[in-house]
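Values in this document were obtained by computation on a predicted structure and should not be read as measured data.
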Amino acid sequence: MTDGSGGKQISERQSLPIEKGFPIERVNEIAEKEGRAKIHYRPIYTMHKWWARRLGCVFRAVSLYTLLDDPEKVEVFEPGNKDQTLAGWGDDDAEEFNVASLLERVDMTDPESLWKLYPKDVRVEDKKILDPFMGGGTSLVEASRFGAEVVGNDLNPVAWFVTKKELEAGQTDVEDLKAAFEEVKEDVADEISQYYRTPCPNGDHDADVMYNFWVKELDCVSCGHTVPLFKDYRVAKGRYEHDDQYNVLCPDCGAVTLVDDWQSESVCNDCGHGFVPKEGNVSRGGKYNCPDCGQKYAITDAIQEQGGYDTRLYALEYYCEHCEDTGEERSLYKGYKMAEDTDIQLFNEAKERWEGNEELRSYSPSEHIPEGHIPSERNPIFDHGYEDWQDMFTTRQLFGLSTLLRSIDQNVSDDNLRELLLLGFSDSLMFNSTFSIYNLNANKIEGTFRMNSFVPQTDFVENNLWGTKFGRGTFSNTMDKVFNAVEYASNPTERYIEDGETKESEPFSKEIGGTHTLNLGDARTINFGENEFDAVITDPPYYDNVMYSEVADYFYVWQKLLLKGDYPGFDNEKTPRADSIVTNPFHGKTAEDFESELGQAFENIHYHLKSDGLLAFTYHHSDSESWGELLESLCETGFEVTATYPISSDLNKFISGEAVSFDIVVVARPIDDTEPASWNSLRRDIYRTARRTRKQLEENRELSRGDIGVMEMGACFREYSKHHGKVQRDGEIMTAKEVVQEIYGIIQEASDIGVEDVFIDLIDTPNPSFDDVNKLCRGTNATPEDLKETRLYNQDDGFELGTWDNEKRQAYIQERVNGDGDDHLSNLDKLQFLRYRYEKGQAVQNYVEKWDVDDDLRELAGRLADVTGDDTYTRVLGDRDITSY
């Protein structure tokens, strides 16, 4: 139904639970645990890598509070009791889980009534959900578990394929998948594994190679000496009875030897050569130095001038089943050794087989690495000699990967099973390239995308592709993750916290998937039908986030070898670039382009959403400018913001190279029209809203000041949304960005929380970080810049708080004490100055008398004493015994 102007006619609508309240505390306590153990909480999301994937518990909670509106169309089942609703258990249970009552009781001060249903198998009728930016598919998977029909869209074919398999996993028989895996295993496991064997150092038999250690080599530009590009000579930390030592490589004889301290002078146990393991041949700034003549030179310059580099196999980590079976010590059947001629011979044999088999080579990518922001700007991989995708792999890796991919293609006839094996193959690529490194302290391999980009290595680790009993990132244990995911998808469970204890529900009878449709294309041009969706639940792109298209190409060039011709989007050289909604300097896409294109996407979302539908999405909050751009885009496309909530997110997410620890959920609704308002009247409404919201939350919820500030912000946005485009100040229409700046100020005025309060909260925070500074400052009179300028924290050598004994903080205070007058000294400055002088045995009484101690100074001293356990802060203000030095 439309109005006379062609827009939607917004009918009277009821508020949904997510607009009335959201259980931030409950979600966050699960999110903290799930973020560290996804494979246990939701194995469906560990089948394949996708970047910045939101946590499943967050989207389950969003779905629960969004999809439940009509109690007549909701059924609640007890997990483990197939097809039996809670209503059938008896009057008491029926009353406790009466959906109408639970929905009615949700509000901002107590949103947890509906949380009772979080670990239950809840089903809804007649709900259709859209995610136009589905990425790794979290929103669709979680909404499908409620029985909603889900429709997803993404521009990237890798994201499309990953989500497709997640939604199909629930209809897959895991025993059929395991049988298909066994067919491939019987066909090629031995053929691949024969090249990952090594003579066992403990007897006349062979052991399995877990990891091969390689180093790149360049010639010295002055004397021609071959220089191995070791940053240092560590191989790995010692294990078992040697866990207080280090395995290092002797640069003279090549033996792997144990030393007590890798940073000090050591002696090789094999040849007696003395050396300092920490002194390698690669220095900071990308240079290498010749150990013979001392010449230093840029690595990338030498690679260009010498036409590339050589590689040398120098060590291995092995596992010997024979030695374990005969009862040898762990350090004997699983350890490190130098590479021998036999090991090099095996590599060369695999290389010959790869180079001599044209059919095998057709199962590997043949394209050049495309230029782009990540390959060219952040990490210049072309300068390091990488031109083609094949350059990222050793020839033995290419042989094994191609052999495995060919077997999957030729031996598995069922499309779904073949694609799930392909998914496992693709995910294992992360740990089977020359961009993989060895975690020296944890004794394990690390994958290609630990930094969400391509980082060329001077030394790298070659994994055992098929795998042995121990190891990480092999095809075998990657497929174990896929098996677990398929089992979970058929009978998902839910982990939750009750009385401080983590519990796991019985399996749900509703599997993941159900009715779903996936589209490959631009969110701005999808066309499923006007007014078609009850809700849009999504995670839109963040303007300067990871260039998914560029890093996803790493998987795409392998996946398309089997998917080309089967699905649209897998017949191109690379994944789409021009239509990605993201800033990308290499392709000339600016922040203005991002804002415009995101607005077009919101406009298309508005078209597809029912007039009483709801838009809920996660947003990576950064600053008022970013908030202003978001609010402008939403309001310009006919939405009003009805709520915002802070939530936890993936702790390993990187935005502009900096880890962040929380996201925001934004809730919005289509709005028919806005009403004119003067800024003076709207400002009064916003101020009252901020004060009322803060008071309600402080009295009824256990939330941080930052969390309360975000919810205040959402309430204020709602007030503004009703008048967007028609707010006048001095005869001029205010923009959303201008209003956001004003709202920031209003919220700060509505709060008396300042720099000293935030600093005390930081002292009381275990292992505080810059993220905590950001979070605690939100909704207060303090900003991170305020704390930084006053040296209450610094990041010069890692994050440090400006406590009384911090050198930089004391220098800042001393400079002001020595200045003219004391009016520029804060109470915190004074107390930390006095605490420092007392520690040094210097007089403090003259300063106490000079500063005329008042109640505010004494109150702050008491708070500092309480939070630090150091009563010197209070004693220096009144105990003559210690103030008379």
Side-chain angles (χ1 to χ4, degrees), residues 211-237 245-316 336-341 343-345 347-348 351 378-387 391-392 394-395 434-438 440 454-462:
Y211 304 115
N212 290 286
F213 294 82
W214 291 83
V215 65
K216 295 177 180 177
E217 295 181 328
L218 288 169
D219 292 337
C220 173
V221 296
S222 292
C223 69
H225 178 75
T226 299
V227 182
L229 303 184
F230 288 112
K231 294 180 282 293
D232 55 60
Y233 289 100
R234 286 178 294 171
V235 175
K237 191 177 185 299
Q245 295 179 292
Y246 240 100
N247 291 284
V248 300
L249 181 76
C250 173
D252 192 54
C253 72
V256 176
T257 188
L258 280 166
V259 301
D260 293 328
D261 182 3
W262 68 273
Q263 300 187 70
S264 302
E265 180 73 29
S266 302
V267 175
C268 174
N269 294 319
D270 283 50
C271 70
H273 176 68
F275 65 106
V276 180
K278 77 170 182 177
E279 295 178 357
N281 302 319
V282 174
S283 57
R284 289 184 178 181
K287 293 186 176 182
Y288 72 108
N289 54 278
C290 176
D292 269 19
C293 71
Q295 173 70 52
K296 291 188 176 182
Y297 206 69
I299 291 173
T300 53
D301 288 346
I303 288 172
Q304 300 303 310
E305 293 167 12
Q306 297 175 25
Y309 51 80
D310 292 323
T311 56
R312 175 165 63 88
L313 178 65
Y314 67 90
L316 307 93
Y336 303 89
K337 54 169 283 191
M338 67 182 295
E340 304 175 39
D341 291 342
D343 302 312
I344 297 168
Q345 168 110 22
F347 177 84
N348 289 332
K351 178 180 178 181
R378 295 185 183 177
N379 298 293
I381 62 173
F382 302 118
D383 292 345
H384 283 263
Y386 297 92
E387 297 179 356
D391 295 336
M392 292 188 172
T394 69
T395 49
T434 61
F435 286 71
S436 296
I437 63 169
Y438 198 73
L440 299 168
F454 299 115
V455 183
Q457 302 298 319
T458 56
D459 56 341
F460 59 89
V461 176
E462 179 193 6

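Using modelled atom types, one side-chain atom of N281 and one backbone atom of P228 make a donor-acceptor pair closer than 3.5 Å. Remark: side-chain polar atoms of D391 are paired, donor with acceptor, to backbone N or O of E387 under 3.5 angstrom. Put simply, the side chain of S436 never gets that close to the backbone of V461: no donor and acceptor are under 3.5 Å apart.
Here the side chains of N212 and F347 are not in contact, with every heavy-atom distance at 4.5 Å or above. The shortest side-chain heavy-atom distance between V248 and V256 does not fall under the 4.5 Å cut-off. Residues V235 and F213 form a side-chain contact, since some pair of their non-hydrogen atoms from C-beta on lies under 4.5 Å apart. Counting only heavy atoms from C-beta outward, the side chains of V227 and P291 approach each other to under 4.5 Å. Inter-residue side-chain proximity for L316 and Y336 is flagged as unmet; no heavy-atom pair is nearer than 4.5 Å. Residues V282 and K287 fail the side-chain proximity criterion, which asks for heavy atoms closer than 4.5 Å. The side-chain heavy atoms of Y314 and L249, taken from C-beta on, include a pair separated by under 4.5 Å.
Among residues two or more places apart in sequence or in another chain, the side chain to side chain donor-acceptor pair (under 3.5 Å) test is passed with D261 by S264. Contacts of E340 classified as side chain to side chain donor-acceptor pair (under 3.5 Å), with partners at least two apart in sequence or in another chain: K337. Remark: N269 engages T257 in a side chain to side chain donor-acceptor pair (under 3.5 Å) (not counting sequence neighbours). In this structure E279 satisfies the side chain to side chain contact (heavy atoms under 4.5 Å, CB included) test together with V276, sequence neighbours excluded. A search for side chain to side chain contact (heavy atoms under 4.5 Å, CB included) contacts involving Q306 returns L218, D219, V221, Y288, A302, not counting sequence neighbours. Residues that satisfy the side chain to side chain donor-acceptor pair (under 3.5 Å) test with D260, not counting sequence neighbours, are Q245. Residues forming a side chain to side chain contact (heavy atoms under 4.5 Å, CB included) with P251 (at least two apart in sequence, or on another chain): Y233, H273, F275. Partners of T311 under the side chain to side chain contact (heavy atoms under 4.5 Å, CB included) rule, at least two apart in sequence or in another chain, are W214, K216, Y309, F460.
Residue pairs meeting the salt bridge (charged side-chain N to carboxylate O under 4.0 Å, His left out) criterion with at least one member in residues 296-315, sequence neighbours excluded, are E217-R312. For residues 221-231, the pairs satisfying salt bridge (charged side-chain N to carboxylate O under 4.0 Å, His left out) are K231-D459, with sequence neighbours left out.
H225 contributes atom NE2, which lies 4.0 Å from atom CG of D292 (distance to the nearest 0.5 angstrom). Between the CG atom in L313 and the CD atom in E462 there is a gap of 7.5 Å [rounded to 0.5 Å].
When each of I437, T434, V215 is tested with Q457 by the rule side-chain contact (heavy atoms from CB on, under 4.5 Å), just one qualifies, namely I437.
Residues H384 and Q304 approach most closely at N-NE2, 4.4 Å, considering heavy atoms. Across all non-hydrogen atoms, the minimal contact from Y246 to A236 is CD2-O, 3.2 Å. Listed here is the closest heavy atom pair of Q295 and S222: OE1-OG, 2.7 Å. Here the closest heavy-atom approach between residue E265 and residue G274 is recorded as OE2-C, 3.4 Å. For C253 against M338, the heavy-atom pair with the smallest separation is O-CE, 3.7 Å. Shortest non-hydrogen contact noted between G272 and V267 is O-CG1, 3.6 Å.
In the displayed structure, K237 atom NZ is contacted under 6.0 Å by more than 12 heavy atoms of other residues, nucleotides or ligands.
F435 and Y386 have tilted rings, their planes meeting at an angle from 30° to 60° on a 0 to 90° scale.
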Inset, instruction - Start with the C-alpha distance between N247 and L258, add both sets of side-chain angles, then the distance that settles side chain to side chain contact (heavy atoms under 4.5 Å, CB included), and finish with yes or no. - result: CA-CA 5 Å; N247 291 284; L258 280 166; 3.5 Å; yes
